[in-house]
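To start, the structure itself, in structure tokens.
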Amino acid sequence: MSAIELAKGIFWVGVNDRETDLFESVWPLPQGVSYNSYLIVDEKVALIDTVKGPFALELVRNIEEVLDPGKLDYLVVNHMEPDHSGALPLIRRLAPNLKILGTEKARGLLKALYGIEEGFEPVWDGQKLSLGRHSLIFYETPFVHWPETMMTYLPEEKILFSGDAFGGFGALDGGLFDYELDLARYEPESLRYFSNIVGMYTNPTQRAIQRLKGLEIRTIAPSHGPVWRKDPSRIVGLYDRWSRMEGEPGVVLIYGSMYGDTELLAERVARGVIAKGAPLRVMDASRTHPSFLLAETWRYKALILGAPTYDGGVFVPIEQFLRLAQRKRLQHRLVGLFGSFGWSGGAVKAMRSIIEELKWELVGPVVEFNGRPTEAELEQGAALGRAVAERVLKGSE
Ligand code: FEO
């Protein structure tokens with residue numbers, strides 16, 4: 001995508017990545033991702049963040065649509081992760097007088113990742129830098145997502161360049177701004193981005209949101225995904241809710257099944273949830289990447305887990321999902337459990353143990369059955385679904 005003017009003299013010069021299969025070599029990108037870089041042309045010229053290394057030439061071409069990259073005075077590093085700093089060495093070669101601005105913590109990462117020490121100037125929290133008509137104010141927001149992260153505010157246009165915060169997966173389909181794009185496609189990918197990438201850092205995200213409260217923000221320009229101009233409070237509100245781990249009143253049912261027996265019970269549990277009128281999403285853990293399972297678990301207040309016993313423990317895809325939730329420190333969830341076994345139990349016990357570590361609250365009857373569930377056991381499954389749904393709806397009254 002070519003350069004796009006956000007305001008007079010301020011341009012998006014980022015790139016769309018529809019080639020990378022796995023973000024950070026872990027997280028699938030079915031809709032791609034954008035690396036947003038911003039150019040401010042004034043008496044002094046500043047670039048805010050770059051892009052992932054393989055896309056450096058595309059970034060340079062976008063800058064060249066506006067001006068000669070050799071005229072860059074400043075590179076503002078909001079975040080050193082290579083999806084934003086990968087093109088930094090090339091930009092530095094093209095702009096020999098470039099000053100690289102970042103938090104003191106960025107210094108070590110700049111040296112470690114690129115062997116660069118010269119030209120770096122640390123900025124401090126609240127520091128203001130005049131570019132001419134425009135100025136930049138830097139706010140340290142450590143651990144949203146790495147320790148060196150900061151945000152950059154442009155007061156004259158009230159634009160917040162927020163880094164990873166308020167970002168999301170999804171390449172920009174022809175538009176840049178929230179009002180140009182189908183948010184029904186982008187918001188679930190923002191949630192998946194938040195829960196899997198930033199989710200471990202909920203407290204730093206809350207601190208950053210509190211810190212921004214005094215700022216008048218007309219536009220939020222994150223490092224990934226849409227630029228929020230029509231309603232910046234929408235993405236701030238979503239990040240606020242997600243980082244408080246509140247959960248919407250609804251249920252995600254995540255199950256695994258080798259030969260259909262656990263699935264049979266899952267279907268009856270689902271009927272129980274729906275009978276009580278709670279929103280429900282059913283997901284097969286064997287056929288869904290854990291990042292999607294985590295996102296839906298982050299969305300809803302309650303989950304119901306079902307798994308067969310495998311190797312005397314819990315079915316591998318369910319264990320992988322639970323370990324991911326544990327890694328990301330997801331809290332404050334209600335959980336229902338069911339599991340099957342062939343000759344001796346193990347799945348329910350193993351799930352219970354991880355859930356205790358997570359401090360999630362167990363709700364409803366735990367249904368454990370041998371082989372194919374009987375009608376009585378299926379009815380217990382429906383009772384489990386009803387109990388979880390009732391509880392989650394009661395909590396939302
Ligand atoms: Fe988009 Fe933490 O990098």
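One-based numbering, in listed order, for ligands and for the atoms of each. In what follows, residues are counted from 1 in the order of the sequence shown.
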**OP:** If the plane angle is over 60° it's perpendicular, under 30° parallel, otherwise tilted; pick one for H84 and H224.
**Re:** tilted

Original post:
So which of the N, O or S atoms of H84 lies nearest atom 1 (Fe) of ligand 1?
Top reply: NE2

**OP:** Kindly indicate, with the supporting measurements, whether the criterion side-chain contact (heavy atoms from CB on, under 4.5 Å) is fulfilled by F138 and W124.
**Re:** CA-CA 7 Å; F138 307 110; W124 63 87; over 6 Å; no

Subject >> D83, N/O/S atom nearest atom 1 (Fe) of ligand 1 >> reply: OD2

**OP:** Mind reading off the angle at atom 2 (Fe) of ligand 1 between the NE2 atom of H79 and the OD2 atom of D164, rounded to 10°?
**Re:** 90°

Original post:
Looking only at side chains, do T309 and K349 share a donor and an acceptor under 3.5 Å apart?
Top reply: no

**OP:** Mind reading off the angle at atom 2 (Fe) of ligand 1 between the OE1 atom of E81 and the ND1 atom of H145, rounded to 10°?
**Re:** 80°

**OP:** For side-chain contact (heavy atoms from CB on, under 4.5 Å), just list the numbers for V388 and L303, CA-CA rounded to whole Å, side-chain angles, deciding distance to a tenth of an Å, and then say yes or no.
**Re:** CA-CA 8 Å; V388 173; L303 76 155; over 6 Å; no

